[in-house]
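First comes the structure, then the notes that go with it.
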Amino acid sequence: MVESSEKIKETAVQCIKMEAEAVGQLTHFVDDAFVESVKIMFHATEGRIIVTGIGKSAIIGQKMVATLNSTGTPAIFMHAADAIHGDLGIIQPHDVVVCISKSGNTPEITLLLPMIRMRDNKVIAIVGNMDSYLAKHADYVINSTVPSEACPNNLAPTSSSTAQLVIADALAVCLSALRGFSAADFARYHPGGALGKRLYLRVEDLSKENARPVVHPDDELDAVIYEISSKRLGMTAVLDDEGQIVGIITDGDLRRMLSRVADVHKVTAKEIMSSYPKTIGEKELVVKALEMMRQNSITSILVLDAQKNYAGVIHLHDIIKEGII
């Protein structure tokens with residue numbers, strides 16, 4: 001059947017609204033059982049969090065495990081079907097098991113739950129049916145009931161799986177807050193990709209790969225042009241006889257000089273340079289350098305070592321190459 005564009009839009013909007021409504025109602029389910037679930041997960045210091053489920057709930061469980069691990073709570077996913085065929089050995093004495101299910105009555109869950117209880121492991125249920133086997137036999141029950149699925153036939157897990165995901169995220173966020181999980185901690189768990197680099201990459205990590213262009217105030221124009229061209233950074237620092245930074249010369253400074261000076265043969269670096277250039281410490285995060293570049297509409301910053309001496313240059317292209325922007 002071919003449907004109009006407006007009908008497709010209408011269906012999509014209806015789906016989003018239904019799922020948003022289902023998620024909004026979850027606030028009523030943040031009760032004492034939710035709080036106790038967070039506490040028992042937080043205090044499981046000698047064990048791990050084992051998350052299990054079947055079908056779409058298993059997919060949500062995998063996402064929950066990923067979120068927990070990335071925010072400082074060790075977690076392992078155990079598929080409910082695999083658990084009753086040998087993977088039950090994953091569960092160790094001090095582990096806490098989180099079981100996710102919409103119906104709470106699937107054969108795998110009803111067979112698995114007694115096996116877990118026999119081991120004296122605590123079970124937290126995230127369940128959409130409060131009259132189910134899982135809800136009645138878990139130690140702690142978090143209600144994830146939704147009014148209906150967003151699919152036209154009220155069958156495909158849509159609103160219910162979204163609700164499970166939101167509750168799982170809420171648990172992970174609460175645990176992260178209790179642990180005092182910081183941006184530095186996050187960086188240790190996410191060393192790869194742009195996100196991790198924003199949290200740990202320092203200016204010296206990039207500047208040390210660059211050349212260190214230098215001229216002196218009385219150097220003539222040909223020396224300045226040679227230094228800028230040979231070091232391939234589009235600029236050079238200007239240092240006095242004591243090695244202190246007194247200015248910077250960029251490609252833009254050269255162009256502006258050429259537009260106003262008739263005889264360029266007698267021009268020296270001190271007549272071209274911009275005084276008081278922007279500088280940054282080599283131990284600062286690269287994101288701070290990027291922010292300085294954005295605020296000042298520049299593409300390079302002079303880098304200083306711990307003694308405030310000229311140590312090199314960080315360029316916008318270095319940051320772009322790392323994928324941080």
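Just so it is clear, the model here is predicted, and its values are computed rather than measured.
Side-chain contact between Val97 and Arg117 is absent, with no heavy-atom pair separated by less than 4.5 Å. A 4.5 Å side-chain heavy-atom check between Leu239 and Ile245 finds at least one atom pair inside the cut-off. By the 4.5 Å heavy-atom criterion applied to side chains, Val65 and Gln62 are not counted as neighbours. Annotation: side chain of Asp169 is in contact with side chain of Lys63 (closest heavy-atom distance under 4.5 Å). Residues Asn309 and Gln244 are in side-chain contact: their nearest non-hydrogen atoms beyond the backbone lie under 4.5 Å apart. Here the side chains of Leu88 and Leu112 are in contact, with some heavy-atom distance below 4.5 Å. Val313 is listed as a side-chain neighbour of Leu302, based on a closest heavy-atom distance under 4.5 Å. In this structure, the side chains of Met41 and Ile124 come closer than 4.5 Å at one or more pairs of heavy atoms.
Among all heavy-atom pairs drawn from Val141 and Ala135, the shortest one is CG2-O, 3.2 Å. Residues Val303 and Ser207 come closest through the heavy atom pair CG2-CB, 3.8 Å. Heavy atoms only, all atoms of each residue included: Met78 and Ile50 are closest at CB-CG2, 3.9 Å. Between Ser160 and Glu149, the shortest heavy-atom contact is OG-OE2, 2.5 Å. When every heavy atom of Tyr140 is checked against every heavy atom of Ser37, the shortest pair comes out as CB-OG, 3.4 Å. Nearest heavy-atom pair across Thr145 and Asn129 is OG1-N, 4.3 Å.
A donor-acceptor pair under 3.5 Å links the side-chain atoms of Ser70 to the main chain of Thr67, judged by distance alone. Under a 3.5 Å cut-off, the side chain of Gln92 and the backbone N or O of Gly47 do not form any donor-acceptor pair. Looking at Asn121, its side chain does come within 3.5 Å of a backbone N or O of Asp95 through a donor-acceptor pair. Side-chain N or O atoms of Arg212 include one that pairs as donor or acceptor with a backbone N or O of Tyr310 at under 3.5 Å. Glu108 places no side-chain N or O within donor-acceptor distance of the main-chain N or O of Ala81, the cut-off being under 3.5 Å. Remark: side-chain polar atoms of Asn69 are not paired, donor with acceptor, to backbone N or O of Ala66 under 3.5 angstrom. Looking at Ser144, its side chain does come within 3.5 Å of a backbone N or O of Val127 through a donor-acceptor pair. Between the side chain of Thr158 and the backbone N or O of Ala156 there is at least one donor-acceptor pair closer than 3.5 Å. Under a 3.5 Å cut-off, the side chain of Arg48 and the backbone N or O of Pro74 do not form any donor-acceptor pair. When atom types are taken as modelled, the side chain of Glu220 and the backbone of Thr268 share no donor-acceptor pair closer than 3.5 angstrom.
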**OP:** Apply side-chain contact (heavy atoms from CB on, under 4.5 Å) to Asp205 and Glu322, showing your working.
**Re:** CA-CA 11 Å; Asp205 296 327; Glu322 293 296 330; over 6 Å; no

Original post:
Are Arg179 and Phe42 close enough, and set up right, to give a side-chain contact (heavy atoms from CB on, under 4.5 Å), and what steps lead you there?
Top reply: CA-CA 8 Å; Arg179 297 184 192 285; Phe42 178 69; 3.7 Å; yes

Original post:
When you look at Thr250 and Arg256, which way does the side-chain contact (heavy atoms from CB on, under 4.5 Å) test go after all the steps?
Top reply: CA-CA 10 Å; Thr250 66; Arg256 285 186 288 274; 4.3 Å; yes

**OP:** Let me see the working for Asn105 and Ser103 under side-chain hydrogen bond (donor to acceptor under 3.5 Å, both in side chains), right down to the final yes or no.
**Re:** CA-CA 5 Å; Asn105 289 317; Ser103 72; 5.2 Å; no

Original post:
Where do Ile126 and Leu171 land on the side-chain contact (heavy atoms from CB on, under 4.5 Å) test, with the steps shown first?
Top reply: CA-CA 11 Å; Ile126 300 175; Leu171 288 169; 3.9 Å; yes

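A salt bridge (charged side-chain N to carboxylate O under 4.0 Å, His left out) check over residues 295-312, counting only residues at least two apart or in different chains, returns nothing. The side-chain hydrogen bond (donor to acceptor under 3.5 Å, both in side chains) analysis of residues 9-27, with sequence neighbours excluded, yields the pairs Glu19-Thr162.
With sequence neighbours excluded, the residues forming a ring-ring contact (aromatic ring centres under 6.0 Å, His included) with His137 are Tyr133, listed by chain and number. With sequence neighbours left out, the side chain to side chain donor-acceptor pair (under 3.5 Å) criterion links Asp318 to Asn210. Under the salt bridge (Lys or Arg N to Asp or Glu O under 4.0 Å) criterion, Glu282 pairs with no residue at all, not counting sequence neighbours. Residues that satisfy the side-chain contact (heavy atoms from CB on, under 4.5 Å) test with Ser148, not counting sequence neighbours, are Met18, Asn154.
Note that the OG1 atom of Thr52 and the CD1 atom of Ile109 stand 5.5 Å from one another [nearest 0.5 Å]. Atom CG of Asp32 is separated from atom NZ of Lys39 by 8.5 Å, given to the nearest 0.5 angstrom. Distance check: Leu26 CG to Asn143 CG gives 8.5 Å after rounding to the nearest 0.5 Å. Taking CD1 from Ile167 and CD from Gln164, the interatomic distance works out to 8.0 Å, rounded to the nearest 0.5 Å. Within the model, atoms CG of Leu175 and OG1 of Thr73 stand 4.5 Å from one another, a figure rounded to the nearest 0.5 Å. Here Ser300 contributes atom OG and Met235 contributes atom CE; the two are 4.5 Å apart, rounded to the nearest 0.5 Å.
Linking Ile, Leu, Val, Met, Phe, Trp and Tyr whenever their side-chain heavy atoms come within less than 4.5 Å puts Leu165 and Ile49 in one cluster. In the hydrophobic clustering of this structure, Phe77 does not group with Ile116; members are Ile, Leu, Val, Met, Phe, Trp, Tyr whose side-chain heavy atoms approach within less than 4.5 Å, directly or through other members. Put simply, Leu178 and Leu68 are part of the same group of oily side chains (I, L, V, M, F, W, Y) that touch within less than 4.5 Å, one to the next. A chain of hydrophobic side-chain contacts below 4.5 Å, direct or via other Ile, Leu, Val, Met, Phe, Trp or Tyr residues, connects Met293 to Leu201. Cluster membership for Ile84 and Val51, using ILVMFWY side-chain heavy atoms within less than 4.5 angstrom, is not shared.
Annotation: Lys231, atom NZ; neighbour count of heavy atoms from other residues, nucleotides and ligands within 6.0 Å is above 12. Enclosure of atom CZ in Arg232 is not indicated, since only 12 or fewer non-hydrogen atoms of other residues, nucleotides or ligands lie within 6.0 angstrom. Asp241 CG: 12 or fewer foreign heavy atoms inside a 6.0 Å radius.
Glu209 and Lys321 are not joined by a salt bridge, as no carboxylate oxygen comes within less than 4.0 angstrom of a charged side-chain nitrogen.
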